[in-house]
Amino acid sequence: MPTDFHQKSLSLLSEQLSAKGLNTNFLIQKIASFQIAVPSWALGAGGTRFGRFLIGGEPRNLEEKLEDIGLLARITKRTDAVSLHIPWDIPQDVQLIKQKAADLHIRFDAMNSNTFQDYGQPLTYKMGSLSNADPNIRKQAVEHNLLVIEIGKELGSKGLTVWLADGSNFPGQAHIRKALQWTTESLQEIYAGLPADWKLLLEYKPYEPNFYHTVIPDWGTSALICKQLGERAKVLVDLGHHLPNTNIEQIVATLMHQNMLAGFHFNDSKYGDDDLSTGSIKPYQLFLIFCELTNGAEEKAQSWESISWMIDASHNTKDPLEDLIQALESISQAYAKSLLVDRNQLNQCQLEGDVVGAQEVLQDAFLTDVRPLVREARMQSGGELDPLDYYRREKIREKRILQRGKNTQASGL
Ligand code: LRH
Ligand code: MN
């Protein structure tokens, strides 16, 4: 994209926005300061039970994963952090990893524990972990989470994300109330091991890998447990973890109303937990979610700084880095559009019951092309005008294949 085209489109948009009393520089600053963490497990090709198609040049270890995230940070200026998953990303040399991350200007966001797979631990998690009827397995799972906290403390992380696959595939297989009670007691032991300046992000999911019941299937169950744990335990919203047609923006508003929103795993989906590129299927829903977030913060329901912003996606057919560049762009655009909503006019419509007027206010913001703002925010932060074009023009993937090999496979899903 020629730079002068960008300048022309930006000045046109600035004129449009200042006519509405909006300050372009203020918006650019807000967008520039909004950073989203990248998952360490989404830098290779994802797969399904039907197969995985390697991309080539996938990172072979944590250092190379940090290099990939460092590249994303440098060209997009939309991310400054990685969210690690243990044991997929156990640092072999903590000081080396800390130095590498510091050199790449990357910080460590929430750590993720894993008690949904067997990776050589003594007792299997086949029939559950924190909810398992066997107290020895619950104890093992609690100790794993406490180990993840120790690793995170050394790296400077301030959060632990717990997602449980725990549940059952058939009626009668599990004692649903006991499973909930054992899970709560196990989480209380983990919460007791949480440093005072950490938060626990409790992620819910309605199904998969269990297909009859999941111990923490929805935001309500997660919130009930968090209330029992303490004020630093809050609910993590993974956009793909909802039954079809769920009103996710209402869940976000409700959690902010209770100051119970821990953060997000951004992705998109058509059917189930598809982990598709954020904003690729339901961009209007993503916009409405950000409308609740910016308004909730403005009206002091919950502070913006207390919320964690992370992507959680799996790339079956796209180059992972191109997918993440697109996702970071979509999230930034949804945020930027939500800042354009004329709140006074919307409040007026809501007070007067002007339903048509209210939709006009929202869609005026949604239908505004904010790409010049996001581009300018990136440029002013030293990023590339068009990161995707830069990535392809510089043949980054080809270079990684030459450097790392065609058949390397990154740890993760
Ligand atoms: C579960 C989930 C969870 C991660 C995993 C990689 O579906 O969203 O956040 O641990 O994906
Ligand atoms: Mn997730």
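We count ligands from 1, going down the list as the structure has it; atoms in each ligand are counted the same way.
- Residue Glu203 approaches ligand 1 through these ligand atoms, each under 4.0 Å from one of its heavy atoms: 2 (C), 3 (C), 8 (O), 9 (O).
- Those atoms of ligand 1 with a heavy atom of Asp238 less than 4.0 angstrom away are 8 (O).
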Next on the checklist: Before you tell me yes or no, could you show the steps for Leu155 and Lys98 under side-chain contact (heavy atoms from CB on, under 4.5 Å), namely the whole-Å CA-CA distance, both residues' side-chain angles and the distance that decides it to 0.1 Å?
Outcome noted: CA-CA 6 Å; Leu155 294 170; Lys98 283 181 78 170; 3.8 Å; yes

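- Put simply, the side chain of Lys337 gets close to the backbone of Phe366: a donor and an acceptor are under 3.5 Å apart.
- The closest approach between any non-hydrogen atom of His241 and ligand 1 is below 4.0 Å.
- Every atom of ligand 1 with a heavy atom of Trp41 under 4.0 Å away is listed here by number and element: 6 (C).
- The OD2 atom of Asp312 and the OE2 atom of Glu203 meet at the Mn ion (ligand 2) at an angle of about 170°, given to 10°.
- Residue Arg404 places its CZ atom among more than 12 non-hydrogen atoms of other residues, nucleotides or ligands, all under 6.0 Å distant.
- The protein atom (non-hydrogen) at minimum distance from atom 7 (O) of ligand 1 is Lys205 NZ, 2.9 Å.
- Ligand 1 places these atoms under 4.0 Å from at least one heavy atom of Asp312: 2 (C), 3 (C), 8 (O), 9 (O), 11 (O).
- The Mn ion (ligand 2) is the vertex of the angle joining ND1 of His265 and OD2 of Asp238, which measures 110° to the nearest 10°.
- The distance from ligand 1 to the heavy atoms of Asp273 drops below 4.0 Å at these ligand atoms: 7 (O).
- Heavy atoms of Asp275 found under 4.0 angstrom from ligand 1: none, in either backbone or side chain.
- For ligand 1, the atoms sitting less than 4.0 Å from at least one non-hydrogen atom of His265 are 9 (O), numbered in the order shown with element in parentheses.
- The protein heavy atom nearest to atom 10 (O) of ligand 1 is His85 NE2, 2.8 Å.
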Checklist entry - Would Phe26 and Leu339 count as a side-chain contact (heavy atoms from CB on, under 4.5 Å) if you check the C-alpha gap in whole Å, the side-chain angles of each, and the deciding distance to 0.1 Å? => result CA-CA 10 Å; Phe26 169 77; Leu339 295 173; 5.8 Å; no

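- Seen from the ring of Tyr191, Arg232 counts as a face-on cation partner, given the 6.0 Å and 45° thresholds.
- Counted within 6.0 Å of NE2 on His175, heavy atoms from surrounding residues, nucleotides or ligands total more than 12; the atom is thus considered enclosed.
- For Gln181 and Glu185, the side-chain atoms include at least one donor-acceptor pair closer than 3.5 Å.
- Comment: Arg107 engages Asp80 in a salt bridge, judged by a side-chain N to carboxylate O separation of less than 4.0 angstrom.
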